[in-house]
Amino acid sequence: MHAVILAGGKGTRLRPYTTHIPKPLVPIGDQLSILEIVLYQLKSFGFTRVTLAVGHLSHLIRAFVGNGREYGLDIDYTEEASPLGTIGPVLNVLPWLPDQFLIMNGDVLTDLNYAEFLDGHINSQAPLTVSTYHREIRSEFGVLDVDASGEKIVAFREKPAVPFQVSMGVYGMTKVTLKRYQPGQVLGFDTLMLDLLAAGEHPRSDLFGGYWLDIGRPEDYDSANEQWSEMQRVLLPGGVPQRSQRT
């Protein structure tokens, strides 16, 4: 199985941590970087090849990860000369990817079984599968429902919660879905979704109920470090690999 990890962003929301360190290499619990956790997880789920899409401070990621031998993986790279969006970097290596593969952000901490997720995508025959998570936004105000006249209140809800599903930043991709786009073009996940919907090719949602943390802001990073002593057993049930037990 093959995974593409998107690790080229500047991580501006996570500054000052990412001023001199690319976001995927930010350490969690003073033991492992985010990227190391993801690589060890992919290996444990049976993935053998990983392509790292790099850009900002790419030389540090290349120096740290190398060819993947120390992680038990075959790792190669694709580099953005300028930002290409969420999916754009994948277009440059599309000819060398299998018919079905995983794409994921390089700043995601989750106990999602990546192999089962990709198998579900393959069996569904969907053009794209998005790993989704349940979220709620609670209103700070009492909400009034008003009729068409705009004067008669017909219902009242005190600080209601609005449920929805969000993308976890993990995708099962069918290669042919991306063949309509040209290498080198900017392509965001939002554009891809809208193009598929406009064409009547509906992406698939795979709702996940386990642990998920998108480390995009300083408060998210702080939460990850606070939870690490408990969550490392969930994220890496086999324990921290010997290579990464640094002093």
Side-chain angles (χ1 to χ4, degrees), residues 6 9-18 23-24 26 28 34 37-38 83 85-88 102-114 116-118 120-121 124 126-174 177 186-231 234-235:
L6 307 172
K10 293 184 177 181
T12 54
R13 292 183 300 156
L14 200 57
R15 288 178 179 168
Y17 301 114
T18 52
K23 183 162 60 171
V26 169
I28 303 295
I34 304 170
I37 295 170
V38 170
T86 312
I87 306 297
L102 186 80
I103 302 176
M104 63 175 297
N105 294 342
D107 58 356
V108 172
L109 288 180
T110 178
D111 62 336
L112 172 69
N113 186 316
Y114 296 116
E116 289 184 357
F117 170 74
L118 184 57
H121 167 70
S124 73
L128 167 70
T129 296
V130 183
S131 184
T132 56
Y133 207 78
H134 180 80
R135 281 282 192 254
E136 290 185 348
I137 292 181
R138 184 167 294 278
S139 171
E140 298 180 4
F141 308 98
V143 175
L144 306 174
D145 294 336
V146 182
D147 71 0
S149 71
E151 296 182 354
K152 182 184 292 186
I153 297 173
V154 296
F156 171 75
R157 289 165 290 154
E158 175 63 16
K159 299 179 180 179
V162 180
F164 55 94
Q165 290 185 35
V166 300
S167 169
M168 290 174 55
V170 181
Y171 317 106
M173 181 62 70
T174 298
T177 300
V186 177
L187 180 63
F189 171 71
D190 53 345
T191 299
L192 176 62
M193 287 286 287
L194 292 173
D195 287 349
L196 287 171
L197 292 172
E201 302 175 28
H202 293 278
R204 170 176 168 265
S205 168
D206 189 338
L207 185 62
F208 178 64
Y211 178 80
W212 171 62
L213 183 61
D214 178 2
I215 302 179
R217 303 167 302 170
E219 51 265 43
D220 301 322
Y221 179 56
D222 291 341
S223 294
N225 280 285
E226 291 169 2
Q227 298 169 11
W228 175 245
S229 60
E230 176 183 354
M231 293 311 302
V234 176
L235 297 172

Open item on the list: Measuring only between side-chain heavy atoms, which start at C-beta, is Phe208 closer than 4.5 Å to Asn113?
Closed with: no
- [ ] Determine the minimum heavy-atom distance between Leu102 and Leu118, stating which atoms define it.
- [x] N-CD1, 4.1 Å
Open item on the list: Using the rule given for side-chain contact (heavy atoms from CB on, under 4.5 Å), can you reason through Val162 versus Ser139, listing the C-alpha separation, both sets of side-chain angles and the distance that settles it, and then say yes or no?
Closed with: CA-CA 8 Å; Val162 180; Ser139 171; over 6 Å; no
Task: Side-chain (Thr110) to main-chain (Tyr211) donor-acceptor, under 3.5 angstrom - done: yes
Open item on the list: For a 4.5 angstrom cut-off between non-hydrogen side-chain atoms, does Gln165 reach Ser205?
Closed with: yes
Task: Test item: Arg204 side-chain N/O and Val130 main-chain N/O as donor-acceptor pair under 3.5 Å - done: no
TODO: For residues Lys23 and Ile34, report the shortest heavy-atom separation together with the two atoms involved.
DONE: O-CD1, 3.7 Å
- [ ] Spell out, as yes or no, whether a donor-acceptor pair under 3.5 Å connects the side chain of Asn105 to the backbone of Asp107.
- [x] no
TODO: Check Tyr171 against Phe117 and note the closest heavy-atom contact, atom names and distance.
DONE: C-CE2, 3.6 Å
Task: Residue pair Asp145, Ile153: steps toward the side-chain contact (heavy atoms from CB on, under 4.5 Å) verdict - done: CA-CA 6 Å; Asp145 294 336; Ile153 297 173; over 6 Å; no
Task: Within-4.5 Å side-chain heavy-atom neighbours: Val234 and Met231 - done: yes
Open item on the list: For Met104, is there any backbone N or O sitting under 3.5 Å from a side-chain donor or acceptor partner on Tyr114?
Closed with: no
Task: Heavy-atom side-chain contact between Val166 and Trp212 under 4.5 Å - done: yes
TODO: Kindly indicate whether the side chain of Leu128, heavy atoms from C-beta on, has any atom under 4.5 Å from the side chain of Met193.
DONE: yes
Task: From CG (Asp222) to CD (Gln227), nearest 0.5 Å - done: 11.0 Å
- [ ] Check whether any side-chain heavy atom of Thr129 lies under 4.5 Å from a side-chain heavy atom of Ser124, and answer yes or no.
- [x] yes
Task: Minimum side-chain heavy-atom gap Thr86-Leu6 below 4.5 Å - done: yes
Open item on the list: Taking atom CD as the centre, does Glu230 end up with more than 12 heavy-atom neighbours from other residues, nucleotides or ligands that are less than 6.0 angstrom away?
Closed with: no
- [ ] Give the minimum heavy-atom separation between Glu136 and Pro163, together with the two atoms involved.
- [x] CG-CA, 4.0 Å
TODO: Apply side-chain contact (heavy atoms from CB on, under 4.5 Å) to His121 and Asp206, showing your working.
DONE: CA-CA 9 Å; His121 167 70; Asp206 189 338; over 6 Å; no
- [ ] Compare every heavy atom of Leu207 with every heavy atom of Thr132, then report the nearest pair and how far apart it is.
- [x] OG1-CA, 3.3 Å
- [ ] Check whether any side-chain heavy atom of Thr177 sits under 4.5 Å from a side-chain heavy atom of Leu196, and report yes or no.
- [x] yes
Open item on the list: Quick check for you: to the nearest 0.5 Å, what is the distance between Leu213 atom CG and Leu235 atom CG?
Closed with: 9.5 Å
Open item on the list: Would you say CZ of Phe164 has more than 12 non-hydrogen atoms from neighbouring residues, nucleotides or ligands within 6.0 angstrom?
Closed with: yes
- [ ] Taking all non-hydrogen atoms of both residues into account, name the closest pair between Val108 and Met168 and its distance.
- [x] CG2-O, 3.5 Å
Open item on the list: Between Thr174 and Ala126 (side chain of the first, backbone of the second, donor and acceptor by atom type, cut-off under 3.5 Å), is there such a pair?
Closed with: yes
